[in-house]
Every structure is written in structure tokens, then in C-alpha cells.
Amino acid sequence: MPRPILATIHSQALRQNLARARAAAPDARVWAIVKANAYGHGIERVFEGLRGADGFALLDLEEAQRVRRLGWRGPILLLEGVFELRDLELCSRLDLWHTVHCDEQIDMLATHKTNVPHRVFLKMNSGMNRLGFTPQRYRAAWTRLNALPQVDEISLMTHFSDADGQRGIAAQMAVFAAVTRDLPGERSLSNSAATLRYPPGARDASADPAGYVASDWIRPGIAIYGSAPDFPEHTAADWGLAPGMTLASKIIATQNLLPGDSVGYSSTFIAEQPMRIGVVACGYADGYPRICPSGTPVLVNGVRTRTVGRVSMDMLSVDLTPLADAGFGSEVTLWGRAANGVVLGIDEVAQCAGTVGYELMCALAPRVPVSVADAD
Ligand SMILES: *Cc1c(COP(=O)(O)O)cnc(C)c1O
């Protein structure tokens with residue numbers, strides 16, 4: 001028998017989360033962001049749950065090919081555009097839409113030989129200072145692109161740095177609105193945080209309502225996988241999002257401790273009273289963060305308890321004191337939904353690790369078997 005660890009992808013939850021994002025921006029079309037192998041879930045595994053999206057956005061040409069191989073004929077957007085000239089041949093062949101964020105990409109397009117002009121998303125650096133043309137140079141880039149026979153429609157795009165936090169989106173949106181005011185083309189601005197926190201109906205109080213730019217295409221990623229973009233201000237449940245992934249295992253041993261007994265490497269946990277612990281077949285080699293301290297929440301038989309001691313490569317330990325009936329073979333939910341329906345949000349575990357749900361999803365280890373559940 002294989003180790004009892006298993007990740008489950010919940011197609012129905014992905015569908016629900018996609019619908020939740022759509023409801024926040026009912027007039028917009030939705031890019032389901034599936035970069036990084038669908039945030040660690042697996043492109044092939046999320047496809048069924050996300051096929052109701054209007055398009056798939058990602059970074060990697062190999063991932064774009066995988067989406068086409070699944071039979072998807074609708075839009076695919078390369079969020080970082082092309083990296084070298086020959087990537088454009090694949091864009092022509094597979095009908096991939098691509099971001100244009102720098103002069104070098106316009107140079108490549110200008111020398112590209114194609115019968116079919118490309119749909120491009122021209123990216124503005126409105127303050128994030130990662131990819132895109134500065135507001136001062138944006139219109140010149142648009143004019144240059146617009147003159148190329150290789151280019152069909154130009155859409156306008158930017159990305160927010162602080163949609164999940166204090167600063168909000170008002171300043172970047174104002175810059176984008178001012179520079180693009182009279183340019184034709186569809187707009188794409190909002191990631192998950194901006195989609196949920198700043199829907200068109202509930203404008204950012206600090207923004208000039210006249211300067212609000214609604215996305216024609218929203219770009220939710222983390223929300224469709226069921227994690228809150230702004231945890232702990234909001235939880236996934238607050239936003240009506242359900243976990244897209246459950247990581248579960250079982251108890252493979254129990255130990256009875258006396259006061260003074262320690263647990264695991266470096267004896268970081270010492271029992272203060274008699275207690276019973278369970279040893280779980282899940283460790284950092286499965287993608288569970290080693291940095292999670294004693295006290296990180298975990299579900300055993302769908303009941304909340306805590307980890308004790310260091311996470312090791314293949315195992316971690318949990319406190320069974322509140323769970324008289326639990327023992328060898330009991331279900332352990334590291335994050336996601338237990339069999340009894342109780343949910344442990346990935347964001348809570350991520351917070352204990354000093355990181356975000358994104359990183360835990362993406363770090364699910366290749367050795368963990370994954371199944372797809374349709375209805376639950
Ligand atoms: C990853 C990404 C998104 C999705 O962000 P989330 O925070 O996961 O919603 C949207 N737009 C761009 C350009 C991205 O790179």
C-alpha cells in the first residue's frame with residue numbers, strides 16, 4: 001500500500017469560486033489564471049472545474065500547449081509575453097494572445113512573419129515597477145504597435161501592487177485612466193484582490209468615481225483556488241470561496257507522553273502533562289512547510305487540533321489529547337476539507353509558516369498523489 005497521503009482537487013469548488021469571481025464583475029469576462037501549473041493544482045486536473053472561464057492565462061509556452069491539448073479553443077493569454085523571437089511562431093500556430101510589456105517584444109513582433117495578426121495586451125507599469133511601459137512611454141508603445149501589420153487588436157492592461165492591502169488601487173487606477181482615456185480596446189486590470197475588494201459597484205472610497213476603470217477582463221488566480229487574497233482581513237469563507245485543494249493523510253502511529261517527554265528533532269516540544277500524540281504521514285518532502293511551529297492548526301477526523309514538535313521530512317506529529325477516539329488510521333487534514341465537511345483554510349497554515357496560501361499550493365511536492373473529485 002502506498003503512503004496514505006493524498007491531495008484532492010475539488011472541481012465543484014473551483015466552479016463555485018469561478019462563479020464567485022464572475023459575480024463580483026458581472027460585465028467582465030474572466031481569465032482563469034493557471035500559471036505555475038495552476039498554482040500547483042495541475043492544469044489537467046483543474047481544467048474540468050475551470051472550463052467555464054472565458055480564457056486561460058499563464059506564463060509558460062509549454063503550459064499553453066497543454067491547455068490546447070486539452071481541447072481548449074478559446075483565448076489563452078501569455079502574461080509575460082514572449083521571451084524570444086521563435087516563441088511568436090508558436091503564438092501564431094496556437095493562436096495565443098500575448099502581453100507586450102517592453103520595447104524588445106515590439107522589436108520581435110516587427111520582424112515576425114505571420115499571416116495572422118496577433119491579439120496583444122499592452123501592459124502599463126502604473127506603479128508596481130515589475131513589467132510594463134511607464135505612463136510616459138505607454139502611448140508611444142501603443143502607436144508603434146498599432147502601426148505593425150503583425151498586430152490585430154490591442155488591449156490595455158495593468159497590474160495592481162496593493163489591491164490586497166493598505167494602499168489600495170486608487171492611485172494606480174487614476175494613472176491608468178488618465179493615460180488610456182481615449183485609447184480604444186478592452187481593459188484588463190483586476191487580480192483576485194481587486195476583483196473582490198473593489199467591484200465596480202462598491203468603488204474605492206478614496207478613488208475618484210469618474211476615474212474608475214472597470215475591467216473587460218478580470219484576472220482572478222488565488223480566489224478561484226479558494227484562498228483569500230487578503231487574509232487575515234478576510235478569510236476565504238468570508239468571500240464565499242471553497243478550498244480547491246485538500247491535503248490529507250493518516251495517523252500511522254501513536255505515542256503516550258509523560259510530562260517532560262519531548263517530540264521530534266531538536267526536542268522543540270516538551271509535554272507539560274500526560275498526553276497522546278499521533279504521527280502523521282506528511283512531512284516537508286510532501287510540501288508541508290517545515291517552518292510551521294508547534295501549535296499549527298490541523299484536523300483529525302474533522303476536529304481541530306494542533307501540531308507538536310518539528311515537521312520532519314516524511315512525518316509530523318499532532319496532539320490527540322482532545323480526540324479520545326482517534327488513533328492508527330485516523331483521517332488527518334493538513335488543509336482543505338475533512339470528510340465531515342469541516343474546513344481548515346490553507347491561509348491559516350500559511351500564516352503559521354509566515355507566508356501566503358499561494359506558496360503552499362505551489363509547493364505541493366511531486367511525490368504526493370493527486371485525485372480529482374467532481375461532486376462534494
Ligand atoms: C498571477 C497574476 C494574476 C492573478 O493574481 P491573484 O492574486 O492570484 O489573483 C493576475 N494578473 C497577473 C498579471 C498575474 O501575474
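Ligands are counted one by one from 1 in listed order, and the atoms in each one are counted from 1 as well. Heavy atoms only: backbone and side chains are in, while hydrogens, waters and symmetry mates are out. If you're wondering where the values come from, they're calculated on a predicted model, not measured in any experiment.
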* Full working for ring-ring contact (aromatic ring centres under 6.0 Å, His included) between W31 and F56 -> CA-CA 5 Å; W31 289 116; F56 289 91; 8.8 Å; no
* Asked: Which residues pass the side chain to side chain contact (heavy atoms under 4.5 Å, CB included) test with D261, sequence neighbours left out?
  -> L257, L258
Quick one: side chains of residues 73-88, donor-acceptor pairs under 3.5 Å with protein atoms, not counting sequence neighbours, listed by atom name and distance.
residue : atom : partner : partner atom : Å
E84     : OE2  : R86     : NE           : 3.3
E84     : OE2  : R86     : NH2          : 3.4
D87     : OD2  : F83     : N            : 2.9
D87     : OD2  : E84     : N            : 3.1

* Sequence neighbours left out, what pairs pass side-chain hydrogen bond (donor to acceptor under 3.5 Å, both in side chains) with at least one residue falling in residues 276-287? => R3-D286, D286-R367
* To do: For this output row, return yes or no: ring centroids of H41 and Y225 closer than 6.0 angstrom.
  => yes
* Would you check ligand 1 and list the protein residues that come within less than 4.0 Å of it by any heavy atom, ordered by chain and number? => I33, K35, Y39, L79, K123, H159, N191, S192, R219, P220, G221, I222, Y358
* Charged N-O contact under 4.0 Å between R119 and D95 -> no
